[in-house]
Amino acid sequence: MSGKPVLHYVSVRGRMEPVKWLLAAAGVEFEERILKTKDDLQKLRTDGCLLFQQVPMVEIDGMKMVQTRAILNYIAGKYNLYGKDLKERALIDMYVGGTDDLMGFLLSFPFLSAEDKVKQCAFVVQKATSRYFPAYEKVLKDHGQDFLVGNRLSWADIHLLEAILMLEEKKSDALSGFPLLQAFKKRISSIPTIKKFLAPGSKRKPISDDKYVETVRRVLRM
Ligand SMILES: N[C@@H](CCC(=O)N[C@@H](CS[C@H](CC=O)c1ccccc1)C(=O)NCC(=O)O)C(=O)O
């Protein structure tokens with residue numbers, strides 16, 4: 001029987017954060033191995049753990065998985081967060097694709113200059129409130145259920161909540177004008193496993209500060 005998943009990454013949210021969200025929502029305990037130096041990364045490379053010499057890498061079920069999308073697909077499927085059939089999975093992939101694009105605009109945010117952060121913030125908020133949030137508001141309205149797909153929690157719900165919270169860190173009233181998303185946020189945040197992940201002391205990464213960014217740059221030679 002394999003032990004807990006082991007997540008290898010640097011100490012910022014970056015590409016690993018959605019993996020933590022998914023495991024936490026599924027109630028799955030995991031371990032973190034934070035890369036602090038170039039040598040930490042080089043050791044994983046030398047030991048042949050990184051297929052493309054990159055992280056994230058997740059040790060799970062005897063595999064050393066890389067490529068974030070592959071990791072997320074595997075975890076969603078394994079913990080029944082990927083719909084009940086091909087059509088539900090197609091919808092989940094569509095919705096996750098949208099939140100992936102939206103959060104992708106924030107991926108390199110910690111590495112931007114102060115001036116570019118202001119510009120990028122305005123850009124992401126504009127995209128969220130004019131393109132992505134209206135789309136999810138309509139999905140919730142048309143679907144008429146508590147969740148985005150079917151009538152149970154899926155990866156799409158977890159990923160949308162993560163995106164909403166990240167946007168609210170940039171603009172606290174980002175959801176004003178989206179009443180169904182406001183209710184959705186409350187509903188999904190109160191799911192016990194997610195509520196626990198949102199509570200202090202969880203493995204959820206805080207907003208990256210300059211200290212973290214310097215470490216990441218050092219480790220990844222960015
Ligand atoms: N397709 C793959 C891509 C994986 C990937 O780009 N890994 C990177 C670190 S993550 C990234 C670093 C800057 O882009 C970051 C780190 C912090 C915040 C945001 C992004 C890496 O290992 N860079 C070393 C190298 O490429 O030699 C996947 O989806 O998993």
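The shown structure was predicted, so the numbers you read here are calculated from the model rather than taken from an experiment. Hydrogens, waters and symmetry mates are skipped; everything else that's a heavy atom, side chains included, is used. One is the number of the first residue; the rest follow in order along the sequence. Every number for a ligand or one of its atoms is a count from 1 in the order of the listing.
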Notebook entry, point to check: Would Lys20 count as a cation-pi partner of Phe197, with NZ or CZ less than 6.0 Å from the six-membered ring centre and within 45° of the ring normal?
Noted result: no

Notebook entry, point to check: Between Phe109 and Lys170, is there a cation-pi geometry (under 6.0 Å to ring centre, at most 45° from the normal)?
Noted result: yes

Starting from [atom], which protein heavy atom do you reach first, and at what distance in Å?
{"atom": "atom 16 (C) of ligand 1", "result": "Tyr9 OH, 3.2 Å"}
{"atom": "atom 26 (O) of ligand 1", "result": "Gln54 NE2, 2.9 Å"}
{"atom": "atom 17 (C) of ligand 1", "result": "Val12 CG2, 3.3 Å"}
{"atom": "atom 20 (C) of ligand 1", "result": "Leu107 CG, 3.9 Å"}
{"atom": "atom 6 (O) of ligand 1", "result": "Arg15 NE, 3.4 Å"}
{"atom": "atom 13 (C) of ligand 1", "result": "Met222 CE, 3.4 Å"}
{"atom": "atom 2 (C) of ligand 1", "result": "Gln67 OE1, 3.2 Å"}
{"atom": "atom 29 (O) of ligand 1", "result": "Thr68 OG1, 2.9 Å"}

Checklist line | Steps toward side chain to side chain contact (heavy atoms under 4.5 Å, CB included) verdict (Leu41, Lys38) | finding: CA-CA 5 Å; Leu41 179 62; Lys38 278 198 289 293; 5.8 Å; no

Next item on the list: Pick out which of Tyr74, Tyr82, Trp21 makes a ring pair (Phe, Tyr, Trp, His ring centres under 6.0 Å) with Trp155.
Entry: Tyr82

Margin query: I'd like to know if the side chain of Tyr95 pairs up with that of Asp157 as donor and acceptor (distance under 3.5 Å, no hydrogens or angles considered).
Written below: no

Check: Between Phe52 and ligand 1, which residue portion shows a heavy-atom distance shorter than 4.0 Å: side chain, backbone, both, or neither?
Finding: neither

Output yes when [X] and [Y] qualify as a salt bridge under the 4.0 Å nitrogen-oxygen rule, no when they do not.
{"X": "Arg15", "Y": "Glu17", "answer": "no"}
{"X": "Lys138", "Y": "Asp142", "answer": "yes"}
{"X": "Lys171", "Y": "Asp173", "answer": "yes"}

Next item on the list: Mark the output for Met65 as yes if a heavy-atom distance to ligand 1 is under 4.0 Å, and as no if none is.
Entry: no

Under 4.0 Å from any heavy atom of [X], which atoms of ligand 1 are there?
{"X": "Gly14", "result": "18 (C), 19 (C)"}
{"X": "Pro56", "result": "30 (O)"}
{"X": "Arg45", "result": "24 (C), 25 (C), 27 (O)"}

Note to self: Quick check: do Ile75 and Leu23 have side-chain heavy atoms less than 4.5 Å from each other?
What the structure shows: yes

Note to self: For ligand 1 and Val10, I'd like to know whether there is a polar contact (N/O to N/O, distance under 3.5 Å).
What the structure shows: no

